[in-house]
Each structure stands twice: as C-alpha cells, then as structure tokens.
2 protein chains.
Amino acid sequence: MTRVLVIDDEPQIVRALVINLRARKYEVDAAYDGATALQLAAARHPDVVVLDLGLPDMDGVEVIKGLRGWTRVPILVLSARHSSDEKVEALDAGADDYVTKPFGMDELLARLRAAVRRAEPVGAGEDDALVETEGFTVDLAAKKVNRDGRDVRLTPTEWHLLEVLVRNTGRLVSQKQLLQEVWGPSYGTETNYLRVYMAQLRRKLEADPSHPRHFITEAGMGYRFEK
Amino acid sequence: MTRVLVIDDEPQIVRALVINLRARKYEVDAAYDGATALQLAAARHPDVVVLDLGLPDMDGVEVIKGLRGWTRVPILVLSARHSSDEKVEALDAGADDYVTKPFGMDELLARLRAAVRRAEPVGAGEDDALVETEGFTVDLAAKKVNRDGRDVRLTPTEWHLLEVLVRNTGRLVSQKQLLQEVWGPSYGTETNYLRVYMAQLRRKLEADPSHPRHFITEAGMGYRFEK
DNA sequence: GTCGTCCTTGACACAACCCTGACGCGTCCG
DNA sequence: CGGACGCGTCAGGGTTGTGTCAAGGACGAC
C-alpha cells in the first residue's frame with residue numbers, strides 16, 4: 001500500500017486530497033505546518049509527499065531541504081504562485097514536480113502516480129531479497145528473520161536498524177546515517193540509542209553476542225554488517 | 001555529460017531548446033517525428049527525453065509507449081493541449097512530467113534538472129570506488145581495506161589520512177594539506193602527527209614498513225601514494 | 001485498572017583511540 | 001667535524017567511545 005504525506009495549511013484542500021486518495025487505496029497522513037510535516041515524514045516514511053509551499057511556520061523550500069537531507073522520497077509541490085522563479089527554486093531544492101493551484105484532481109493524481117512509479121526500484125517485486133549468513137537468514141521482503149528454523153521476534157526499531165545495515169551489507173554505515181534513517185533527521189547525535197539497539201540485535205542474532213561476527217563496530221566511525 | 005533527446009516538429013522550438021541546452025553543456029540530439037525519435041533513442045541512449053505530443057507521423061503517447069518498452073529514461077512531455085485528460089493519458093503511459101506551451105525556458109530547464117537528478121544515482125550508488133595495489137585493496141565506498149584476503153582495521157584518523165592520499169593517487173600532497181584535511185584547518189604545522197600516523201599506515205599496509213613502496217616520503221614537502 | 005511490550009535514559013566499567021615526549025638515524029651545510 | 005634539521009619509531013597516559021545493565025515512562029490490549 002502506498003503511503004502519502006499531505007502537507008497543507010488549508011483544511012479544505014487537505015480534506016479533498018485525503019478523500020480522493022483514500023478512495024484510491026492510498027494510506028494518507030496529513031500535516032498543517034512544516035515542523036509537524038518533518039516529524040511525520042521521519043516517523044512514517046511516506047512513499048510520496050504532497051507539499052504546499054505556503055505554510056504558516058516555515059518556508060516550503062526549507063521543508064524540501066529538510067527532507068532531502070536524509071531521504072529521496074518523491075516530493076510533489078503545490079503552490080498558488082505561478083512565478084517561474086518559485087518553481088525553479090523549489091525544483092532545484094529537490095522537488096520532483098510542481099503543480100499550480102487551482103489544480104485538477106485527475107492531473108494531480110496522475111502526477112502522483114508518475115512520481116511513485118519512477119521511484120520504484122528496478123527489480124521491485126521480483127527478487128525476494130534474502131540475505132543469509134551461517135547463523136541466520138534475513139528476508140527483507142517478508143520482514144522476517146529466521147534462526148535455527150525459528151522466527152526471531154524483532155521490535156519495530158530493531159528491525160528498522162537491521163534493515164538499514166543489511167541493505168548496506170559489507171559497507172560501513174556511519175552512526176549519523178543510522179540514527180537519521182532509523183530515528184529521524186534530528187537524531188544525528190544520540191549514539192546511546194545505537195549502542196542499546198545494536199546490543200539487542202547481537203543478543204538476538206549473534207552466536208556469541210560479546211564477540212560479534214556479523215554486526216561489527218568500527219570505533220569512532222559506525223557499524224558494518226557482514227555475512 | 002548529460003545527453004538530451006529533443007523531439008518536436010516545430011523548428012523554432014527545437015532551435016530554442018538546442019541553443020539553451022548546449023549553452024548549459026548538455027549534449028543534444030533532435031528529431032522532428034516519432035519514428036526518427038525512436039531510432040535516435042535506441043542509437044544514442046539519451047539521459048533524458050523532451051517530447052512534444054503533436055508529431056506529424058504518430059501520436060505522442062505511442063512514442064512514450066515505444067520508449068517505455070525498453071527503457072526507463074525520464075520523459076518530459078511538451079504539449080499545446082491543456083486538457084486534463086491528455087495530461088493523465090501521457091503521464092500514465094509513462095511520462096515523467098508534462099509542461100504546457102507556451103512554457104518558460106527557466107522552468108523547463110529546472111524540470112529537466114529535476115528529472116535527470118532523480119534518475120542519476122540509481123546507477124551511481126552501485127559501483128564501488130576500488131583502488132588496488134599488489135599488496136592491498138582500498139574500497140572507498142565501503143570504507144574497507146583488504147590485505148591478503150583479510151580486512152584491515154583502521155582507526156578513524158588512519159582511514160581519513162589514507163582516504164586523502166588515495167584520492168590523490170600519484171600526486172604529491174603537502175604536509176600542510178594533509179594536516180588541514182585530516183585534523184582541521186588550524187593544524188597546519190603539527191607534522192609530528194603525520195609522522196606517527198604515516199608510520200601506522202605503513203605498518204598495517206606495507207609489506208616492508210621500513211622500506212615503503214606505496215606511502216612515499218618527499219622530504220620537506222609531503223607524501224605521495226603510489227599504486 | 002493491570003499487564004506486557006517497547007522505547008528512552010542514566011550510570012558505570014572497559015576498550016579503543018589520540019596525543020605527547022623521548023630517542024635514534026640519516027642528510028645537509030656551516 | 002659537528003650541529004641543525006627532518007623523519008621514523010616506540011610506549012605511556014589522558015581522553016573519548018563503546019558495551020552492558022537496569023529502571024522508568026509511554027502506549028495499547030485486555
């Protein structure tokens with residue numbers, strides 16, 4: 001199911017969008033200002049963002065930059081401004097499309113479909129994304145971890161952390177990147193979270209948690225997942 | 001260099017686009033009808049396509065479908081038609097963006113940049129920047145050094161120093177530059193740091209640390225990394 | 001309300017890392 | 001010949017980073 005984040009301070013526009021999107025089986029979150037929007041984006045990881053540039057608390061371009069700091073989620077900008085400069089600024093800040101108000105709902109939905117479609121990874125749905133080690137198996141598609149024939153129970157945060165590490169198998173992932181991807185863009189420095197959750201992953205998945213072979217610490221730099 | 005394929009049957013529009021794009025260092029091919037366009041696309045593999053829907057020989061949507069049969073290249077549609085149905089049809093056929101004539105050149109270029117930007121890193125993230133010598137291998141993306149099949153552990157400072165040297169393979173890097181890049185702009189003179197860390201790199205990577213073959217001292221000037 | 005799960009937070013011991021100073025060696029030049 | 005200088009090497013000690021544990025709070029299920 002595709003998750004959409006709608007950001008607009010005009011309730012009637014939000015309402016219209018929500019109704020139309022829900023009717024088409026999208027899952028919809030809504031925010032009425034930039035700060036809430038950034039928080040929601042971090043918490044919910046939408047598949048596409050619809051953003052009105054005229055927000056009460058901050059410039060819409062700042063919202064774009066805030067999102068682009070950590071995610072490549074498609075951003076579809078709505079705006080009452082027709083000026084070319086505004087469009088260029090928003091697009092160059094990282095927006096994917098720019099629609100001026102008043103807009104036709106059909107067109108907006110078509111642009112939304114286009115944005116979602118091209119964000120889909122090339123081989124989506126075809127590969128079952130299995131990662132195996134000698135100790136356990138991670139199924140990224142099914143969101144399951146198997147160890148000795150038994151499924152391992154992971155909390156949402158544990159899974160999220162594992163996912164980021166596994167998607168970068170062999171590569172070093174910096175603490176900042178892990179924190180921002182799992183906890184959100186404003187958590188770049190809370191390294192204690194990482195320590196706690198890395199320990200939990202090791203306890204659940206490593207044969208000898210105090211001598212990890214798969215979840216490797218690179219002191220001062222980050223962590224690395226090795227098969 | 002980014003390659004653009006422009007498809008339009010109006011010569012003055014093609015001319016305007018070609019001039020503007022070439023001025024911005026794009027490489028441009030042009031076609032005046034759909035059949036030529038499909039041929040050119042296959043032969044030249046453009047990074048982005050600008051397509052006018054009103055072509056003499058075939059419907060623009062057919063061109064989109066023809067392209068989408070084998071490529072995910074971004075397609076930016078130009079059209080004189082403002083109707084919502086046309087837009088939806090083109091977008092759902094696989095277009096990435098839809099701009100109505102008359103259009104502002106600035107806006108078109110911004111939309112083009114957005115389309116190219118979002119298509120780019122798909123391939124860029126996959127290739128590892130590997131640097132090999134006969135003794136060891138440096139993977140800049142994964143932050144990994146391999147020697148005799150084993151991963152070598154580097155501290156953050158060691159890695160940072162190695163990175164600067166490797167990114168300047170074969171070139172002499174002055175002590176001042178190394179110090180400032182690794183330790184910060186105010187550390188231009190603490191050459192003893194360099195001596196210590198260069199020795200550690202050699203001990204970990206050189207076959208015979210006291211006779212270095214890759215980390216070469218240029219007395220009084222700086223250091224040089226050689227494959 | 002009570003229970004259970006999950007996330008956050010703080011404290012502490014231990015390990016890893018960085019800086020520092022001392023010394024030896026070779027080269028250059030007075 | 002001898003001192004100055006630049007470089008390589010080594011090992012101690014202070015600082016920073018990491019692993020671990022346990023307690024408290026938020027939240028939803030029952």
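Protein chains get the first letters and strands the later ones, always in sequence-line order, with residue 1 at the start of each. Just so you know, these numbers use all the heavy atoms, side chains as well, and skip hydrogens, waters and symmetry mates.
Taking atom CZ of A:Arg203 as the reference point, atom P of D:dT18 lies 19 Å away to the nearest angstrom. One can place CE of A:Met198 at 10 Å from P of D:dT18, the figure rounded to the nearest angstrom. What separates NZ of A:Lys204 from P of C:dT5 is a distance of 11 Å, to the nearest Å. Atom CH2 of B:Trp159 is separated from atom C1' of C:dA16 by 19 Å (rounded to the nearest Å). One can place NE2 of B:His160 at 15 Å from C1' of C:dC17, the figure rounded to the nearest angstrom. B:Leu201 places its CG atom 12 Å from the P atom of D:dT9, with the value rounded to the nearest Å. With rounding to whole Å, A:Leu154 atom CG is found 15 Å from C:dC7 atom C1'.
Between the side chain of B:Arg68 and the backbone N or O of B:Gly94, at least one donor-acceptor pair lies under 3.5 Å. Of the possible polar contacts, one joining the A:Arg224 side chain to the B:Ala142 backbone as a donor-acceptor pair under 3.5 Å is found. Checked by atom type and distance alone, the side chain of A:Asp148 never pairs as donor or acceptor with a backbone atom of A:Arg150 at under 3.5 Å.
Residues B:Val152 and B:Glu158 are not in side-chain contact: their nearest non-hydrogen atoms beyond the backbone lie 4.5 Å or more apart.
Ring geometry, B:Trp70 versus B:His45: the interplanar angle exceeds 60°, so the pair is classed perpendicular (tilted spans 30 to 60°).
Nearest heavy atom pair, residue A:Tyr197 against residue A:Thr155, reads CE2-OG1, 4.2 Å. Considering every non-hydrogen atom in both A:Trp183 and A:Leu194, the closest pair reads CZ3-CD2, 4.2 Å.
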- Query: Can B:Phe215 and B:Leu162 be said to form a side-chain contact (heavy atoms from CB on, under 4.5 Å), step by step?
  - Reply: CA-CA 9 Å; B:Phe215 299 94; B:Leu162 175 65; 3.7 Å; yes
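A donor and an acceptor atom, one from each side chain of A:Ser210 and A:Asp208, are located under 3.5 Å apart.
Distances shorter than 4.0 Å separate some side-chain N or O of A:Arg153 from OP1 or OP2 on C:dC6. For A:Arg202, a side-chain nitrogen or oxygen approaches OP1 or OP2 of D:dG19 to under 4.0 Å.
Within residues 210-227 of chain B, no residue has any heavy atom under 4.0 Å from DNA chain C.
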- Message: What does the B/S/- profile of nucleotides 18-30 of chain C look like, 5' to 3', with a 4.0 Å heavy-atom cutoff to protein?
- Response: BSB----------
